[in-house]
Amino acid sequence: MLILECPYCGVKAEETELAAGGEAHLKRFGPGSDDNDFHDYLFMRENPKGVHFERWRHANGCGKWFHAARCTTTLEVFGTYAAQTYEPPQEIKDKITAKRPGWSWREFSDASE
Amino acid sequence: MSNPVTATNGAQFSGIATVADVGLQGMITLRGDLSSKPLAAAVKAATGTEVPAQGTILVVEGGAAAWMSPDELLLLVPYEQAVAKTAELTKALKGEHALAANVSDARSFFQITGDGAREVLAKISPVDLSPEAFVAGDFRRSRTAQVAAAFWLQDDGSFRVVCFRSVGAYMFGLLSTAAHPQSAVGVY
């Protein structure tokens, strides 16, 4: 069972209180963009074994969207953070680096490498 | 005018705890910047309480204010005054980025009293309801079985449950089943 702490209401919400929103930090390529970029934006998703970033919504709660960083193999949660950001905060990246040295996910990675 | 009634119209059930339809309750949803002074003043004028802290409810005689989300409060006022109070709030918050809506008739409101109250709710909700974790004045929006609900613990040890009116009958059935006389688990 996955338990994520909602960064907006401080509630340790269990999975059934949340709604999964897919991969985090997608950059949208809309009308007028290159076909390949649009294709990648629409279809190409990460499916990592390890560190992963996701969007979640506290659906049966405050209703806010937030981000979560977790490990897909161990279900370990590195942290949750607000939705109003284009990349994971440094604090979250540091936590992941401490536990998974050398990690990388899309354009984000262990800064010490 | 037609005579307003609740979805379950005064239904009551007694088992390990007593579940009852509380009746008509004025409820106002207030959205806005919870740290703003005009909003705090408007809440005080409408309910007599301050703006509650995260995850709590402030209850006074004839009114209450509950923390729903970082930008939303649920105000409880007497049913007859809900329309007037909503208008007052709207007036007081003119110019603010805020919205007050009377949702009294969109909600169902139940109370769970008795020794088994904590257990009844704990059976149907993924919330830590142990006496240490959930104390009087705590307010939580969560899930009860298949529907969204919000509940809090009163000073007298009874719970109040708020849900959408459309699932009011479901909620009463659910709470009654959880309060079945032979269903005591005895964890709390």
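The sequence lines fix the lettering, A, B, ..., with proteins before strands; numbering per chain opens at 1.
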Checklist line | B:Leu58 with B:Leu73, same ILVMFWY side-chain cluster at under 4.5 Å | finding: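 No, no single cluster joins them.
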Notebook entry, point to check: Are B:Val187 and B:Phe134 connected in the hydrophobic side-chain network, where two residues link if heavy atoms are under 4.5 Å apart?
Noted result: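 Yes, B:Val187 and B:Phe134 fall within the same hydrophobic cluster.
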Atom [atom1] of [X] with >12 non-hydrogen neighbours under 6.0 angstrom:
| X | atom1 | answer |
| --- | --- | --- |
| B:Asp155 | CG | no |
| A:Asp37 | CG | yes |
| A:Phe108 | CZ | yes |
| A:Phe38 | CZ | no |

Notebook entry, point to check: Tell me, do A:Cys62 and B:Pro70 make a side-chain contact under 4.5 Å, heavy atoms counted?
Noted result: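 Side-chain contact under 4.5 Å: yes.
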Note to self: Could you tell me if the side chain of B:Asp71 sits less than 4.5 Å from the side chain of A:Lys64, heavy atoms only?
What the structure shows: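 The answer is yes; the side chains approach within 4.5 Å.
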Notebook entry, point to check: What pair of heavy atoms forms the shortest contact from A:Glu17 to B:Arg141, and how long is it?
Noted result: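 Heavy-atom minimum between the residues: OE1-O, 3.7 Å.
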Notebook entry, point to check: Can you name the nearest heavy-atom pair linking A:Tyr8 to B:Trp67, along with the distance?
Noted result: O-CH2, 3.7 Å
Checklist line | Rounded distance [0.5 Å steps], NE2 in A:His58 versus OG in B:Ser142 | finding: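 Output value for this atom pair is 6.5 Å.
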Margin query: Rounded to the nearest 0.5 Å, what separates atom CD in B:Gln146 from atom OG1 in A:Thr16?
Written below: 11.5 Å
Margin query: Test your reading of the model: is there a side-chain donor-acceptor pair from B:Gln54 to the backbone of A:Cys9, 3.5 Å cut-off?
Written below: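 Present.
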